[in-house]
Structure formats: C-alpha cells, structure tokens
J.: 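Here you go, one structure.
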Amino acid sequence: MIIADVRYALFSQVRPYLSLIVTPIQEVVNMPKKIFYWAGEHLESREGLVKENQELLAEILVLRSKQQRLESLQAENVRLRELLDASQRVDEKIVMAEVIGFDQNAYSHRIMIDKGFSSGAYVGQPVLDATGVLGQVIETAAYSSRVLLIADASHFVPVQLARTGFRGILKGTGDLKRMELLSVPRSIDIKKGDVLTTSGLDKRFPRGYPVGVVKSVRLPAGQSYADVDVVPLAQLGRSRHVMLIEKSGVSRQ
C-alpha cells in the first residue's frame, strides 16, 4: 500500500481525512513530552526568579546598611562641629574626650571617658558637651575617668537664673530629662523657658555655662516654695564627645 501510494498516489484523496484521525493521536502521544519540557522551563524560570529576588533583597539590605552608616557619620560630623564651636566659646583650657562606656544601673547615671590623670583629668573636673554642662569627674585612672551626670539623684549644681540673676541649687532626679530647682520662693520671678547657668559659687563649675531650661513652675497651695522642673540642656546619655574644663584655681581634691 505504501509503494502503491508512492507510485500511483492511490491515497492522495484520502490522506487529508486520515490526517484528521491521526493528528489527535499524535497530540496525545506528544503530550507527556510537552508537559515535561514546559515543567522544566517553568521550574527553571521560577528558580531563576527566586534567586534574583534573593540577590536583590541582599543588595537592598547592604544599601540600607550603607545609608544608615552614612547618616550616622553625618550626624556625628554635625555633633563634632557643634562641639568645636562650643569649645571656641570656652575661655578655660579644655581637653577633648570620648565616651567609652556607661553605667547599666537605671538609678545611677555615670559614664566612662577615655581621658585619665595622664591627660590631666582630676576628680571634680567639670565636663561639658556641645550644648551644656554634662557632669563632673568623680574617679580617675591613668587612661580613663568616670563622670557623674548632673541628672544623677546625688548630683547638685549651683545655678543662676540668666534673666533675673536668682541663684539656687539644681538637683538631679535620676531622670535624664528632668531636674529640680530647690528652695524657690513663691515670690521669685521665674517662668517656663528661663535658662539656668552655672553660678560658680561652688568653685568647681566655672560661672556662666548653660545647665538647663525651666520646663514648668507650679505653686502648690499651702507651700512656701514653688515646684520647678528643669530640662537639662546637655545631651545626657547621648553625647559621644565631651570637653573637660580646667580652670585655674579649681580644687583637685
């Protein structure tokens, strides 16, 4: 039949109809092969997309890390410029220091700096940052010192009201964002926003350095003194670079 068809084209008229019958059978036979190829291509494409997605996520994390580092460096650069500007306004001799540690005790606010008695640091030495009085040195070693922050509950600073000249004692409360001005008579002219500076009466903190700003003034009924809350101006707990102030005649006990 095949030879006859080749020589005499016996099935030329029937062949189109036969192909209609055979084609579905061929499709069914080839279906597993097509499915196999399609699944392979699909899985390969999906694996490629997953891998590419993972690479993009990793790249995003790296870029975010670099951005955060850049922002951190920019912020530190701003703080250093502020500290440099502040140091130029200080009349006394200064030594720059870096904070290298802090107390873990929630009720004791102390930091460690990288300057000790080999650099001239001494107990009682005033410590400032770019915005105000930070505290004082309470312990020294050869290459480090411990500083008691003004917000510590055991710390007291003689201050003066910049606007009126009223003098008082500013006490820490253990809260880095709040201090108390002690023994303020009800009759004293003091209001929110007033700036308090060091008075210099303790012969330890030089006069005129900013310490805090009045946050609130309350006049409780039946009391002779006002309750005055003060917010420290120094960046307590956040400053990384500080200044040690040395004034001639300051006690080194």
Side-chain angles (χ1 to χ4, degrees), residues 75 78-97 99 109-111 124-137 147-220 223-247 249-250:
V78 170
R79 290 193 295 270
L80 288 173
R81 287 182 180 275
E82 291 174 346
L83 191 62
L84 178 61
D85 292 340
S87 68
Q88 293 174 350
R89 298 192 297 269
V90 175
D91 295 331
E92 290 76 26
K93 178 183 176 181
I94 66 169
V95 175
M96 306 300 290
V99 177
H109 298 299
R110 305 180 185 190
I111 59 173
Q125 187 170 20
V127 182
L128 283 71
D129 69 0
T131 54
V133 175
L134 192 79
Q136 64 176 297
V137 175
V147 176
L148 182 68
L149 301 182
I150 59 173
D152 190 276
S154 64
H155 199 282
F156 298 83
V157 185
V159 294
Q160 183 172 339
L161 198 61
R163 182 172 58 86
T164 66
F166 168 76
R167 292 171 178 171
I169 300 296
L170 193 59
K171 179 184 181 300
T173 63
D175 183 345
L176 292 177
K177 297 181 179 180
R178 188 177 73 86
M179 301 179 69
E180 295 177 350
L181 187 59
L182 304 179
S183 303
V184 181
R186 296 172 65 94
S187 58
I188 291 298
D189 179 16
I190 185 171
K191 59 185 179 181
K192 181 179 179 180
D194 279 343
V195 175
L196 296 169
T197 61
T198 52
S199 67
L201 293 181
D202 61 347
K203 306 298 182 182
R204 180 157 291 181
F205 288 97
R207 181 181 177 183
Y209 290 116
V211 182
V213 59
V214 175
K215 179 181 180 181
S216 65
V217 179
R218 299 182 301 277
L219 302 173
Q223 292 188 18
S224 302
Y225 298 99
D227 292 336
V228 182
D229 286 343
V230 176
V231 178
L233 286 172
Q235 302 297 304
L236 305 181
R238 289 182 290 170
S239 293
R240 181 177 174 183
H241 298 90
V242 299
M243 297 180 289
L244 302 177
I245 309 299
E246 182 175 348
K247 184 180 179 181
V250 174

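Treat the numbers as computed from the prediction; the structure is a model and nothing was measured.
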J.: Return the minimal non-hydrogen interatomic distance between Ala151 and Leu236, and the atom names on each side.
T.: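 What the structure gives for the nearest pair is CB-CD1, 3.5 Å.
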J.: Taking the side chain from Thr198 and the backbone from Gly208, do they hold a donor-acceptor pair closer than 3.5 Å?
T.: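 Yes; at least one donor-acceptor contact below 3.5 Å.
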J.: Counting distance only, does the side-chain N/O of Thr173 pair as donor-acceptor with the main-chain N or O of Arg178 below 3.5 Å?
T.: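 Looks like yes, one N/O pair under 3.5 Å.
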J.: Strictly distance-based, threshold 3.5 Å: is any side-chain N or O of Arg186 a donor or acceptor partner for the main-chain N or O of Gln223?
T.: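 Checked: pair present.
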J.: Is the number of heavy atoms from other residues, nucleotides or ligands under 6.0 Å of Tyr225 OH greater than 12?
T.: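 Counting neighbours around OH of Tyr225, 12 or fewer heavy atoms of other residues, nucleotides or ligands fall under 6.0 Å, so no.
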J.: Under a 3.5 Å distance rule, please check whether Ser199 uses its side chain to pair with a backbone N or O of Gln160 as donor and acceptor.
T.: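 No: the side chain of Ser199 does not pair with the backbone of Gln160.
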J.: Judged by atom type as modelled, is there a donor-acceptor pair below 3.5 Å linking the side chain of Lys171 to the main-chain atoms of Ala153?
T.: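 Checking the backbone N and O of Ala153 against the side chain of Lys171, a donor-acceptor pair under 3.5 Å is found.
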J.: State whether Arg238 and Asp129 are salt-bridged, where the test is any N-O pair (Lys NZ or Arg NE/NH1/NH2 against Asp/Glu carboxylate O) under 4.0 Å.
T.: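 So Arg238 does not pair with Asp129 through a salt bridge.
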J.: Tell me if a side-chain donor or acceptor on His109 pairs with a main-chain N or O of Gly174 at a distance below 3.5 Å.
T.: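 Yes, because the side chain of His109 sits within donor-acceptor range (under 3.5 Å) of the backbone of Gly174.
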J.: Roughly how far apart are Ser239 OG and Leu128 CG, rounded to 0.5 Å?
T.: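 Rounded to the nearest 0.5 Å, the OG-CG separation comes out at 10.0 Å.
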J.: So, does Arg207 use its side chain to make a donor-acceptor pair with the main chain of Leu201 at under 3.5 Å?
T.: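 Side chain of Arg207 to backbone of Leu201: no pair is present.
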J.: Do Asp152 and Ser154 meet the criterion of a side-chain donor-acceptor pair at a distance under 3.5 Å?
T.: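 Asp152 vs Ser154: donor-acceptor pair found between side chains.
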J.: Does a salt bridge link Asp194 with Arg163, judged by any charged N lying under 4.0 Å from a carboxylate O?
T.: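 So Asp194 pairs with Arg163 through a salt bridge.
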J.: Find the distance between CD1 (Ile245) and OH (Tyr209) and round it off to the nearest 0.5 Å.
T.: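 The OH atom of Tyr209 is 5.0 Å from CD1 of Ile245, to the nearest 0.5 Å.
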